[in-house]
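Working notes, structure below.
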Amino acid sequence: MAQYELSLRDYWRIIRKRRWVIITIFSLIFIGTFIYSSLQPRIYQAVATVHYKEQRLLATLLTELIQYPVGDVMQSQALLIKSWSVAEIAGKDLGWVRADMPVEQANQTISSIQSSVDTKVIQDTDSINIIVTNKDPNKASEIANAIAIAYQQYNLIDKSKQATNLRQTVENRLSQTMTELEQSERALQRFKEQNPDVIGAAIPAYNRYESLKKEEETLLRKYTPKYPDVIKVRSEIETLEKELSKYPAKEITLSQLTRNIQINSLLYSDRKQQFENAKIAEGEKTSDITISNLSLLPTTPIKPHTATNQIIGVILGIIISFSLAFIIEHLDTSIGTIEEIELLLKLPVLGVIPFLSSDTARPREKPSKKDILTFLSDAISDSFTILFGGRGKGTSESATRERSRVVTEKVASDREGVTAQLIWNFSPTSPLFEAYRTLRTNLLQSRPPEAEQKLLNNTPENNKRVILITSTGPQEGKTITAANLAITMALQGTLTLLVDMDMRKPFIHKSFGLERENGLSDVLIGIKKTDECLHNITDVLVGGTNFDAIMNTPGIDNLHILTAGTSVPNPSELLSRGTDRLLDELRSRYHYIICDCPPVLPVADVLIVGPKVDVVALVYRAGRTAKGALVRAKEQTLSARINLKGIILNYVSPEIEVSPTYYYHYYKHYDTERTKT
């Protein structure tokens with residue numbers, strides 16, 4: 001048996017076979033992506049740009065505390081732009097937040113403004129982009145510009161607030177210093193009034209002593225007590241202490257009061273200067289923020305990305321559709337190539353019947369819209385009749401008659417469809433004709449042992465062949481295969497009989513336009529003789545078959561037909577009783593007998609008739625029947641000692657039967673060549 005690895009041709013076969021799965025899945029994903037993109041709201045983006053550069057006058061630098069900045073100043077400003085405070089100012093400037101609004105509504109408006117704002121610091125610059133997204137392009141532009149202005153206002157307010165706080169602090173300290181100076185002056189005045197004889201001789205020494213004490217304190221912060229300068233200062237202090245000890249206590253007191261006035265005067269002058277500088281700083285209103293670019297009205301939405309979504313949809317559609325097609329192919333339990341069938345069943349493929357649409361074959365008529373609508377209305381009417389009792393009785397009877405007419409027309413249409421598949425409707429050089437000729441040759445070459453022995457003995461019986469055609473299950477084309485095989489046998493000039501042994505669902509008589517009655521069952525029962533039930537080509541013509549097709553098929557008069565006969569309740573028992581006698585009689589009259597039997601698995605007819613015939617062939621509809629059912633059918637036939645010679649691969653299309661493909665493409669090639677000739 002031939003074996004092969006999966007090749008590019010096999011991949012192409014799978015793609016062609018599952019093309020509708022691929023097309024459907026791809027279309028659904030592509031259309032779904034398009035619909036999704038179309039239903040997404042359009043989002044617009046507006047951008048305004050601001051510059052942050054801290055500006056300070058000399059007076060401000062002298063009055064404000066110098067602090068080392070912690071973190072990234074630009075990132076801090078970017079976060080400030082997105083803050084609630086800036087969004088609140090922007091909302092008030094836009095008029096969307098008013099004083100008379102409920103608090104919840106105002107907060108919701110501010111929150112929506114804040115959530116739509118994003119910022120981006122431009123690297124290595126002092127610029128910040130204010131990015132606003134919104135469904136309305138006008139609102140996006142308005143919010144971006146309002147946020148930029150609000151950020152500038154917030155910076156001015158913050159700077160003004162800092163200067164005011166500094167001025168108030170310096171003013172409070174100045175007032176306190178003034179109070180302390182006044183108290184010192186009053187204390188000195190009272191002391192002089194009470195002690196007019198004190199002249200202040202110790203004041204220079206005391207001032208020097210206080211200065212050295214401060215100098216010592218400053219040195220000790222940096223050096224040890226043994227440092228030379230510290231030792232020198234301490235020596236001078238000790239000298240001054242001895243000198244001050246010689247003065248009266250009142251002189252020392254006067255020196256202290258005078259010293260306090262001097263210190264407070266100096267402190268007052270310093271704080272007075274700070275107060276003036278703070279007033280200047282409070283008066284300056286120079287913002288650190290410069291608006292370089294206001295937002296323009298956006299015209300193109302940034303979302304959804306329709307083109308990107310469509311590209312993604314195409315890629316996903318291709319991946320998912322092809323993956324699903326190959327998964328379905330992998331999970332498919334049916335088999336569709338010659339190699340698979342032969343490897344699985346260990347039986348040869350006797351013939352490959354292609355699936356062809358011919359212009360000469362009459363197409364099956366479709367039911368009209370009127371019939372469909374009538375059927376649906378009748379079904380609804382019947383439902384009302386069942387639900388509501390006697391209502392619509394007359395309508396129901398009319399519907400019953402109409403349904404009977406539709407069913408009758410459907411049966412007639414089915415009969416025409418099957419009749420159109422008979423090979424006499426096709427050109428003698430068509431692939432279908434060639435396929436049945438190949439099948440005929442393979443069947444005639446596969447002889448049972450008894451026939452081989454008769455051939456060696458040169459007896460006439462070696463040409464007598466009874467061939468039984470069956471299938472695994474229904475709708476695999478066994479009836480039309482048997483009919484066309486019988487026609488092909490007759491066309492070579494041999495007397496051929498086609499027997500319809502499917503007495504449960506016979507179709508041979510419909511295919512040839514004959515009556516079912518007076519057939520096989522009547523002969524087996526004994527109520528009719530064989531000659532009375534045989535039909536020839538004249539009966540077929542009378543049944544309405546295309547006259548031109550019959551007349552253009554020389555040798556068709558060698559075909560006789562035995563229909564299924566009158567319906568009986570026990571076909572299997574009837575076949576088991578009289579088949580031997582009937583076949584013996586028919587063998588003596590016909591060269592070939594083609595029997596159309598029911599499927600193997602549903603009924604036991606083949607197991608009864610099979611051992612009585614010469615050759616049995618199993619029709620398999622490519623890509624339809626599961627592997628297990630086909631194997632089971634083979635096992636049943638072999639267990640009944642039936643001469644199962646092989647498989648007939650039916651309804652083969654190029655995407656199903658690719659390896660090898662010559663069964664299909666060579667037929668077309670030869671057909672074309674002969675037509676040219």
Side-chain angles (χ1 to χ4, degrees), residues 39-55 60 64 71 73-122 126-169 278-279 281-304:
L39 295 179
Q40 291 299 303
R42 298 293 185 266
I43 304 298
Y44 294 86
Q45 184 182 84
V47 180
T49 305
V50 296
H51 293 280
Y52 174 78
K53 193 170 185 179
E54 191 172 10
Q55 300 177 2
T60 307
E64 292 184 350
V73 176
M74 296 303 295
Q75 290 295 336
S76 300
Q77 294 301 315
L79 292 175
L80 179 60
I81 293 173
K82 297 189 292 184
S83 66
W84 178 276
S85 301
V86 175
E88 184 178 10
I89 296 173
K92 291 178 179 178
D93 291 344
L94 290 169
W96 299 351
V97 178
R98 302 183 302 275
D100 58 346
M101 289 178 62
V103 177
E104 293 183 357
Q105 184 179 354
N107 291 341
Q108 185 177 2
T109 303
I110 297 171
S111 178
S112 64
I113 294 174
Q114 185 184 16
S115 62
S116 66
V117 178
D118 195 8
T119 57
K120 182 180 180 181
V121 178
I122 302 176
D126 57 358
S127 300
I128 303 174
N129 285 336
I130 301 173
I131 304 168
V132 177
T133 54
N134 197 285
K135 297 178 181 178
D136 188 345
N138 294 312
K139 287 186 176 181
S141 179
E142 291 175 357
I143 293 174
N145 294 332
I147 289 292
I149 297 172
Y151 173 50
Q152 190 178 47
Q153 293 176 357
Y154 181 86
N155 180 263
L156 286 172
I157 294 171
D158 184 60
K159 287 184 65 177
S160 178
K161 188 181 296 183
Q162 291 178 7
T164 301
N165 292 337
L166 178 61
R167 192 261 307 163
Q168 291 175 351
T169 301
K279 288 173 65 178
E282 185 180 16
E284 66 179 48
K285 293 184 178 180
T286 304
S287 175
D288 299 333
I289 309 303
T290 303
I291 301 175
S292 59
N293 291 316
L294 288 175
S295 170
L296 300 176
L297 182 66
T299 57
T300 305
I302 61 169
K303 292 181 181 179

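Put simply, NZ on Lys303 and CD on Gln40 are 10.0 Å apart, with the number rounded to the nearest 0.5 Å. Within the model, atoms CD1 of Ile131 and CD1 of Ile143 stand 14.0 Å from one another, a figure rounded to the nearest 0.5 Å. In this structure, the separation between NZ on Lys53 and OG on Ser127 is 11.0 Å, given to the nearest 0.5 Å. Distance check, rounded to the nearest 0.5 Å: NZ of Lys139 to OG of Ser112 gives 8.0 Å. Separation of atoms CD (Gln77) and CG (Asp126) is listed at 11.0 Å; rounding is to 0.5 Å. For the atom pair CG of Leu294 and CD1 of Ile149, the computed distance is 6.0 Å after rounding to the nearest 0.5 Å.
Between Val50 and Ile81, some side-chain heavy-atom pair lies under the 4.5 Å cut-off. With a 4.5 Å cut-off on side-chain heavy atoms, Ile130 and Val47 do not count as touching. Looking at heavy atoms from C-beta onward, Ile291 lies out of side-chain contact with Tyr151 at the 4.5 angstrom threshold. The shortest distance between side-chain heavy atoms of Met101 and Thr109 falls below 4.5 Å. Put simply, the side chain of Ser292 reaches to within 4.5 Å of the side chain of Thr49, judged on heavy atoms. Between Thr133 and Asp118 there is no side-chain heavy-atom pair separated by less than 4.5 Å. In this structure, the side chains of Ile122 and Asn129 come closer than 4.5 Å at one or more pairs of heavy atoms. In this structure, the side chains of Val117 and Val86 stay at 4.5 Å or more apart for every pair of heavy atoms.
Annotation for Pro298 and Ser141: closest pair CD-CB, 4.1 Å, computed over non-hydrogen atoms. Gln114 and Lys82 make their closest contact through NE2-O, 3.1 Å (heavy atoms, listed as atom of the first residue, atom of the second, distance). Taking every heavy atom of both residues into account, Val97 and Ala106 meet most closely at CG1-CB, 4.1 Å. Residues Leu94 and Glu142 share a closest heavy-atom pair of CD2-O, 4.0 Å. Closest approach of Ala87 to Ile147, counting heavy atoms only: CA-CD1, 4.2 Å.
Inspection of the Asn145 and Ser295 side chains reveals no N or O donor paired with an N or O acceptor under 3.5 Å.
Asn134 contributes a side-chain N or O that, together with a main-chain N or O of Asp136, makes up a donor-acceptor pair within less than 3.5 Å. Using modelled atom types, one side-chain atom of Gln152 and one backbone atom of Ile289 make a donor-acceptor pair closer than 3.5 Å. Between the side chain of Ser111 and the backbone N or O of Gln108, no donor-acceptor pair lies under 3.5 Å.
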Start with the C-alpha gap between Met74 and Tyr52, add the side-chain angles, then the distance that decides, and say whether side chain to side chain contact (heavy atoms under 4.5 Å, CB included) holds.
CA-CA 8 Å; Met74 296 303 295; Tyr52 174 78; 4.1 Å; yes
Show your reasoning for whether side chain to side chain contact (heavy atoms under 4.5 Å, CB included) applies to Ser83 and Leu80.
CA-CA 5 Å; Ser83 66; Leu80 179 60; 3.9 Å; yes
Take Trp96 and Ile113 through the side chain to side chain contact (heavy atoms under 4.5 Å, CB included) test and state the conclusion after the steps.
CA-CA 10 Å; Trp96 299 351; Ile113 294 174; 3.7 Å; yes
Are Ile302 and Tyr44 close enough, and set up right, to give a side chain to side chain contact (heavy atoms under 4.5 Å, CB included), and what steps lead you there?
CA-CA 6 Å; Ile302 61 169; Tyr44 294 86; over 6 Å; no
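The salt bridge (charged side-chain N to carboxylate O under 4.0 Å, His left out) check on Asp93 picks up nothing, with sequence neighbours excluded. Residues forming a salt bridge (charged side-chain N to carboxylate O under 4.0 Å, His left out) with Lys92 (at least two apart in sequence, or on another chain): Glu88.
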